[in-house]
2 protein chains.
Amino acid sequence: MPNNPATILDIAKRLNLSKSTVSRALRDHPDISQTTKEAVRRVAEELSYMPNAVAASFRYKRSKVIGLIVPQISYFFFPSVIRGIEEIVYKNGYNLLILQSNESFEREKENLNILVANNVEGILVSVSRKTKDFSHFKHLIDRDYPLVFFDRVVTDLEADCVLVDDVTASFNAVNHLIDRGRKKIGICTGNLNLLISQNRLKGYKMALQHRNYPVTDDYIVSCEWPDEAEKRTMELLNTANPPDAIFAISDLTMSGVMKAIFRKGLKVPEQIAVIGFCEETFRTMYNPPLSVIHPMGFEIGQASAELLFERINNNAREKIPYRTVYLEGTLEIGGST
Amino acid sequence: MPNNPATILDIAKRLNLSKSTVSRALRDHPDISQTTKEAVRRVAEELSYMPNAVAASFRYKRSKVIGLIVPQISYFFFPSVIRGIEEIVYKNGYNLLILQSNESFEREKENLNILVANNVEGILVSVSRKTKDFSHFKHLIDRDYPLVFFDRVVTDLEADCVLVDDVTASFNAVNHLIDRGRKKIGICTGNLNLLISQNRLKGYKMALQHRNYPVTDDYIVSCEWPDEAEKRTMELLNTANPPDAIFAISDLTMSGVMKAIFRKGLKVPEQIAVIGFCEETFRTMYNPPLSVIHPMGFEIGQASAELLFERINNNAREKIPYRTVYLEGTLEIGGST
DNA sequence: ACCGGTTGCACAACCGGTTGCGAAGATAAT
DNA sequence: ATTATCTTCGCAACCGGTTGTGCAACCGGT
């Protein structure tokens with residue numbers, strides 16, 4: 001049983017005015033007299049009129065909404081990103097439509113369709129780990145649809161991207177572990193389909209090679225979920241020659257790593273050191289607070305939204321060239337190394 | 001620089017057909033011949049046609065979108081709720097528009113306007129802790145706009161609500177602490193403007209009275225954010241007669257409580273016991289895993305969405321009476337008590 | 001040849017807000 | 001009094017997809 005919200009026409013009828021006059025009165029158009037404006041506003045209030053944004057955006061293609069697709073809203077990274085995005089979005093007078101792909105390629109494609117079908121003026125995406133085919137994005141980019149990738153960006157596609165310099169940050173993190181005297185350093189990485197996982201693994205390997213440490217697959221575990229991270233880390237800890245330090249590439253993997261360490265009863269950092277990409281809220285949940293690389297969630301959100309608005313607001317004839325923004329993921333030393 | 005997406009008219013022109021025929025062909029209407037349907041589908045593919053959902057929803061008021069307003073997407077409770085909601089929403093062929101109020105009354109009102117202005121067919125809300133005036137909700141409910149409150153529900157307003165039986169669950173939690181021999185039980189609660197905080201405090205007090213324990217304000221700390229929870233808990237722990245157990249009413253407060261305990265260097269559960277409303281992912285992040293009351297996030301999400309769809313799909317003449325669904329927050333004993 | 005029924009499609013209205021254009025009435029300038 | 005200008009507002013089109021209605025063309029039966 002829906003409702004009959006008052007329209008602009010209801011106001012017009014009450015005052016024996018035309019639609020256009022009411023519309024202009026509400027938008028404070030100079031053509032309309034002060035008395036009429038006041039009358040219109042009074043009746044609007046009386047009928048508790050609420051403008052139907054869809055009608056206007058439908059006609060003029062300015063929905064004032066931008067869309068966001070994230071793999072999932074859990075833990076602390078993506079919520080931080082969202083806060084960063086919201087800040088910029090609200091500042092520009094826009095609103096944000098949030099969708100989760102739940103790490104599903106199909107859901108991601110469908111979400112993209114939903115956003116386009118709903119006339120959003122631009123889209124921010126962090127791709128799902130299942131996504132190997134990027135044609136659904138390419139279609140939009142080819143049409144100059146404003147689109148910015150962040151964190152989990154895509155390869156082989158000309159587009160705006162915002163991410164931390166993963167290789168360098170990982171290099172620094174592992175270097176730090178070596179500085180602290182760790183000899184056997186493991187890595188708990190995510191799905192290697194993702195560029196971000198590849199790059200963080202690359203930084204890890206580079207650091208080992210740089211310090212003339214051996215690189216062995218035995219110390220590399222790759223996992224999709226915290227459960228799996230816990231399981232694989234536990235297997236690693238149970239080997240004859242377990243690592244004395246672990247680098248976790250995200251808060252999800254870190255969560256699994258820490259669970260395994262807890263269950264194994266190891267002392268951090270005495271028996272095993274731990275470092276990873278973790279937001280402040282997350283790192284301080286542990287005792288002692290973890291040593292981390294700051295994943296820059298908030299800043300990534302801000303930067304992505306800013307890039308997007310540059311594209312949205314670009315009325316110039318010439319196209320903005322595609323840009324990639326790298327943020328520096330700084331090291332924060334806690335008690336876990 | 002926007003784009004010119006293909007419309008149904010472009011397809012019609014190419015094939016010398018009318019708009020209506022193309023529309024019906026795409027929707028597989030029986031009136032249209034198989035050959036025409038195939039031709040339409042071929043051209044649609046060729047032009048990479050994407051239907052403009054706004055146009056249709058604008059005309060027929062069936063946007064197939066429902067809106068969600070949460071205070072914030074952090075920690076683990078609301079993400080769980082969102083997963084529960086999504087399950088039901090997708091099953092019904094709808095989509096979900098997520099907005100954060102960021103605990104701001106103004107933002108909440110604005111978000112509500114945005115959702116209505118965007119023709120969502122129903123709204124799910126967990127109110128901000130700043131909200132004391134509920135007239136913005138009342139306007140909608142009076143118009144039979146489908147609206148369901150969950151978790152942080154409202155008082156003095158006839159509406160559908162979904163929440164855990166907070167009084168009973170809290171009663172059980174504190175009872176459990178007493179069973180474990182704790183004598184001085186503190187509570188870290190949230191903003192007492194919220195009914196949920198009031199009820200959880202009520203359950204706490206009832207349990208103490210039930211077991212003939214004194215109820216003193218000295219053991220009651222109320223806080224808005226994890227930072228504040230940490231600070232207030234620390235103050236409590238530093239008093240001459242600190243509690244030997246703390247009941248935290250949410251994962252946010254629990255996070256602060258645990259930080260204070262860590263900083264104070266207390267052993268859990270030897271020196272201090274801890275229990276609270278925490279999702280599984282959160283409770284197992286600690287070592288040992290916490291004793292908790294299951295906050296039923298996923299189930300709350302499911303139940304709220306189901307109530308909402310009952311209202312959305314109700315074409316009957318008579319109105320559905322408002323219902324309140326209570327879920328049981330079961331106790332899960334971990335190592336913290 | 002006539003009639004009833006079916007098939008396949010076109011026409012036009014509709015949703016609500018915005019805006020270009022035009023026009024009536026008031027006022028000012030000549 | 002006539003013309004030019006300004007003020008204030010109405011008319012109608014538009015956005016894109018959906019659907020009620022209508023109507024040719026065709027088919028089969030008598």
Side-chain angles (χ1 to χ4, degrees), chain A residues 2-41 43-44 47-65 113-121, chain B residues 2-41 43-44 47-65 113-114 116-121 143:
Chain A
N3 33 34
N4 283 29
T7 73
I8 222 165
L9 197 60
D10 298 323
I11 303 176
K13 277 187 204 151
R14 279 264 207 127
L15 295 166
N16 275 325
L17 290 170
S18 72
K19 278 170 52 171
S20 46
T21 304
V22 175
S23 170
R24 280 188 257 254
L26 290 170
R27 315 190 86 231
D28 208 26
H29 193 284
D31 268 12
I32 308 300
S33 72
Q34 207 54 41
T35 40
T36 307
K37 278 181 187 170
E38 275 158 23
V40 168
R41 277 196 274 260
V43 176
L47 301 178
S48 59
Y49 166 77
M50 295 177 79
N52 184 339
V54 172
S57 84
F58 166 53
R59 173 69 179 84
Y60 292 97
K61 296 286 159 53
R62 299 278 304 185
S63 60
K64 290 279 178 184
V65 174
N113 285 338
I114 292 164
L115 292 176
V116 173
N118 278 84
N119 282 348
V120 302
E121 293 184 41
Chain B
N3 33 36
N4 283 29
T7 73
I8 222 165
L9 197 60
D10 297 325
I11 303 176
K13 278 188 204 150
R14 278 264 207 129
L15 295 166
N16 276 325
L17 289 170
S18 71
K19 276 170 54 170
S20 47
T21 304
V22 174
S23 169
R24 280 189 252 256
L26 290 170
R27 316 190 86 232
D28 208 24
H29 193 284
D31 267 12
I32 308 301
S33 73
Q34 207 53 40
T35 39
T36 306
K37 279 181 187 171
E38 275 159 23
V40 168
R41 277 196 275 261
V43 176
L47 301 178
S48 59
Y49 165 77
M50 294 177 79
N52 183 340
V54 172
S57 84
F58 166 53
R59 172 69 179 85
Y60 292 98
K61 296 286 159 51
R62 300 278 303 185
S63 60
K64 291 279 177 183
V65 175
N113 285 339
I114 292 164
V116 172
N118 278 84
N119 282 349
V120 302
E121 293 184 41
R143 294 183 173 194

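Numbers restart at 1 for each chain; the letters A, B, ... are given by sequence-line order, proteins then strands.
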- Message: Nearest 0.5 angstrom please: Asp10(A) CG to Lys19(A) NZ, how far?
- Response: 11.5 Å

- Task: State the CD1-CG distance between Ile8(A) and Leu47(A), to the nearest 0.5 angstrom.
- Result: 12.0 Å

- Message: Taking any atom closer than 4.0 angstrom to a non-hydrogen atom of chain B, what span of DNA chain D does the protein reach, first nucleotide to last?
- Response: dG16(D) to dG20(D)

- Message: Quick check: on DNA chain C, is the nucleotide nearest Val22(B) upstream (toward 5') of the one nearest Tyr49(A), or the reverse? Name the residue that is more 5'.
- Response: Val22(B)

Integer-rounded Å distance: [N] [atom2] and [X] [atom1]:
{"X": "Lys64(A)", "N": "dT18(C)", "atom1": "NZ", "atom2": "C1'", "result": "15 Å"}
{"X": "Lys19(A)", "N": "dT19(C)", "atom1": "NZ", "atom2": "P", "result": "13 Å"}
{"X": "Arg59(B)", "N": "dA12(C)", "atom1": "CZ", "atom2": "P", "result": "17 Å"}

Determine the minimum heavy-atom distance between [X] and [Y], stating which atoms define it.
{"X": "Gln34(B)", "Y": "Arg41(B)", "result": "NE2-NH2, 3.9 Å"}
{"X": "Arg24(B)", "Y": "Ile32(B)", "result": "CB-CG1, 3.7 Å"}
{"X": "Pro51(A)", "Y": "Ala117(B)", "result": "O-CB, 3.6 Å"}
{"X": "Val120(A)", "Y": "Ser63(A)", "result": "CA-OG, 3.7 Å"}

Would you check if [X] and [Y] make a side-chain contact, meaning some heavy-atom pair closer than 4.5 Å?
{"X": "Val65(A)", "Y": "Asn118(A)", "result": "no"}
{"X": "Pro5(A)", "Y": "Arg143(B)", "result": "yes"}
{"X": "Ile11(A)", "Y": "Val40(A)", "result": "yes"}

- Relative to the 5' end of DNA chain D, which residue comes earlier, Pro51(B) or Leu17(A), by the nucleotide with the nearest heavy atom? Leu17(A)

- Query: Considering only heavy atoms, which members of residues 7-15 of chain A lie under 4.0 Å from some atom of DNA chain D?
  - Reply: none

- Item | Pairing annotation in dot-bracket form, given for DNA chain D with Watson-Crick or G-U pairs under 3.5 Å and | for cross-strand partners | ||||||||||||||||||||||||||||||

- Are the side chain of Lys64(A) and the backbone of Ser57(A) linked by a donor-acceptor contact shorter than 3.5 Å? no

- Task: Please test Leu17(B) against Thr36(B) for side-chain contact (heavy atoms from CB on, under 4.5 Å), starting from the C-alpha separation and ending with a verdict.
- Result: CA-CA 9 Å; Leu17(B) 289 170; Thr36(B) 306; 3.7 Å; yes

- Can you sort out the partners of Arg27(A) under salt bridge (charged side-chain N to carboxylate O under 4.0 Å, His left out), two or more places apart, ordered by chain and number? none

- Could you list the residues that satisfy ring-ring contact (aromatic ring centres under 6.0 Å, His included) with Tyr49(A), not counting sequence neighbours? none

- Item | Residues in contact with DNA chain C, drawn from residues 27-41 of chain A - heavy-atom cutoff 4.0 Å | Arg27(A)

- Query: For Asn119(A), which contact category applies under a 4.0 Å heavy-atom criterion: base, sugar-phosphate, or nothing?
  - Reply: nothing

